[in-house]
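Here, residue 1 is the first one in the sequence, and each next residue gets the next number. Keep in mind that what you see is a predicted model, and the values were worked out from it rather than measured.
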Amino acid sequence: MSETYASIKALHSSLPAFQPPISISFLPSIALISLLAFFALTFLFTTLPRSKVPIAELSTALIASALAGGGIVALFCTLGVYV
């Protein structure tokens with residue numbers, strides 16, 4: 001059992017450090033742009049006329065929701081809360 005642990009520990013220490021695909025310096029900009037786009041789409045969603053087939057409403061709401069989620073994660077990572 002200890003031989004397996006030792007081999008895994010050696011493998012772990014030999015691996016390179018994690019490099020995120022997006023530089024940490026870009027996170028504040030990503031958060032700002034995503035959250036501003038979210039607020040703009042939310043305003044657009046609330047001012048759309050109601051229709052029988054809500055394709056435009058659903059697509060606007062889904063895009064706004066995705067932007068809000070990404071913006072909040074980027075904002076948290078900017079503040080040091082790595083989620």
How many angstroms lie between [atom1] in [X] and [atom2] in [Y], if you round to the nearest 0.5 Å?
X     : Y     : atom1 : atom2 : result
Thr42 : Ile63 : OG1   : CD1   : 11.5 Å
Phe76 : Leu79 : CZ    : CG    : 8.0 Å
Leu41 : Ser59 : CG    : OG    : 9.5 Å
Ile33 : Phe26 : CD1   : CZ    : 10.5 Å
Glu57 : Thr46 : CD    : OG1   : 11.0 Å
Leu58 : Leu62 : CG    : CG    : 6.0 Å

Given the rule that I, L, V, M, F, W and Y join up when any side-chain heavy atoms are under 4.5 Å apart, are [X] and [Y] in one cluster?
X     : Y     : value
Val81 : Leu35 : yes
Leu44 : Phe38 : yes
Phe18 : Tyr82 : no

Next item on the list: Tell me who clusters with Leu27, hydrophobic residues only, linked when side chains sit under 4.5 Å apart either directly or through other members.
Entry: Ile24
Next item on the list: Would you confirm whether Ser34, through its side chain, and Ile30, through its main-chain N or O, come within 3.5 Å as a donor-acceptor pair?
Entry: yes
